[in-house]
Amino acid sequence: MEQIALVEIKNLYYSFTEKTILEAINLEVYQGDYLALIGPNGSGKTTLLKLILGLYKPLRGDIKLFGQDIGQFRDWPRVGYVPQKATHFDHRFPATVEEVVAAGRFGRVGVGRRLTAADKEVVRYSLELVGMRDNSSALIGRLSGGQQQRVFIARALAGSPELLILDEPVVGLDAGAQERFYSMLSSLNKDQNMTLITVSHDTGAIGAQVNKLACINRRLIYHGSPLDIPAGETLASLYGMAVRAVSHHH
Ligand SMILES: Nc1ncnc2c1ncn2[C@@H]1O[C@H](COP(=O)(O)OP(=O)(O)OP(=O)(O)O)[C@@H](O)[C@H]1O
């Protein structure tokens, strides 16, 4: 049986006023995929994520989520989203880690409803998956940027999404924290079979972990496995970035 794509984009165009931001984009994401969206500043990565999330409407072309046209799609709890710069809480912010993550469960149970014991177990499990269970009673604002970012992932996971979309999750983290963060994402993908789409600037580190790469610069320059990038030279020159490094990771 043919697998249904979780995300299927056909001939997508988008522009802000006169300026074309995305052109003729075709992209598919399947269950279990870990896709990195890479490209220079201003190349349209965040815009593409926002189109997938239904926050912008395509100028032309089609987007399907879980096999359904995005205009009809209502099953948003199936999609988790961690926006850019979700972190940086003031250190006095009066919520604990557990409360922040529990807030992510309300997308499933309905705001104003009580969380059942099973919901609370999902919250605890989400914290465990990102390695933050021991910090559940800490105030969110007292954590490091990397720890806060993990909590935001846990909040998205608490909604039991089937697809998790992250926009530049490691910005502002030091090299060690970035590496730990990527290995956490990788284990979410491999051990939990979570489908991931993440925006990244860092082609080297992420290229070693993902099974699919989409290089965007208004158009889709490359879409496929990081291991199948041809000689690399062309991509590198198209981009002016070190895409070639990706193909040397195994
Ligand atoms: N709301 C908006 N109105 C008008 N132009 C916008 C808007 N949002 C983004 N743009 C423009 O669209 C282009 C693509 O922006 P986008 O944020 O998608 O790029 P990006 O690849 O995510 O960049 P970065 O890596 O810097 O985050 C940029 O030229 C940006 O200036």
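Residue numbers start at 1 and run along the sequence shown. In each ligand, atom 1 is the first atom listed, and ligand 1 is the first ligand listed.
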[atom1] of [X] to [atom2] of [Y]: how many Å apart, nearest 0.5 Å?
X: Leu164; Y: Met194; atom1: CG; atom2: CE; result: 6.0 Å
X: Lys19; Y: Tyr14; atom1: NZ; atom2: OH; result: 12.5 Å
X: Ile38; Y: Cys215; atom1: CD1; atom2: SG; result: 3.5 Å
X: Ser126; Y: Arg133; atom1: OG; atom2: CZ; result: 10.5 Å
X: Arg218; Y: Thr20; atom1: CZ; atom2: OG1; result: 6.5 Å

Identity and distance of the protein heavy atom lying nearest [atom]:
atom: atom 19 (O) of ligand 1; answer: Gly44 N, 3.3 Å
atom: atom 3 (N) of ligand 1; answer: Phe16 CD2, 3.4 Å
atom: atom 17 (O) of ligand 1; answer: Thr46 CB, 3.6 Å
atom: atom 14 (C) of ligand 1; answer: Gly42 O, 3.4 Å
atom: atom 25 (O) of ligand 1; answer: Lys45 NZ, 2.7 Å
atom: atom 26 (O) of ligand 1; answer: Asn41 ND2, 2.7 Å

* If hydrogens are left out, which of Ile21, Leu49, Val199, Thr47 has an atom nearest to atom 18 (O) of ligand 1, that is, the closest non-hydrogen atom? ->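 Looking at heavy atoms only, the winner is Thr47.
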For ligand 1, which atoms, with element, lie under 4.0 Å from some heavy atom of [X]?
X: Ser43; value: 19 (O), 20 (P), 21 (O)
X: Pro40; value: 21 (O)
X: Glu168; value: 24 (P), 25 (O), 27 (O)
X: Lys19; value: 29 (O)

* **In one Ile/Leu/Val/Met/Phe/Trp/Tyr side-chain cluster, 4.5 Å: Val130, Val122** =>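 The answer is no; the residues belong to distinct hydrophobic clusters.
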* Joint cluster assignment, Leu53 & Ile25, ILVMFWY side-chain distance < 4.5 Å -> yes
* **atom 30 (C) of ligand 1: any protein heavy atom closer than 4.0 Å** => no
* Asked: Has Lys50 got any heavy atom lying under 4.0 angstrom from an atom of ligand 1?
  -> no
* Asked: Using the ring of each side chain (for Trp, its six-membered ring), is Tyr56 parallel, tilted or perpendicular to Phe16, with breaks at 30° and 60°?
  ->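 Rings of Tyr56 and Phe16: perpendicular, over 60°.
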* Asked: So among Ser186, Ser187, Ser183, which one has a side chain to side chain donor-acceptor pair (under 3.5 Å) with Gln209?
  ->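 Testing each of Ser186, Ser187, Ser183 against Gln209, the sole residue satisfying side chain to side chain donor-acceptor pair (under 3.5 Å) is Ser186.
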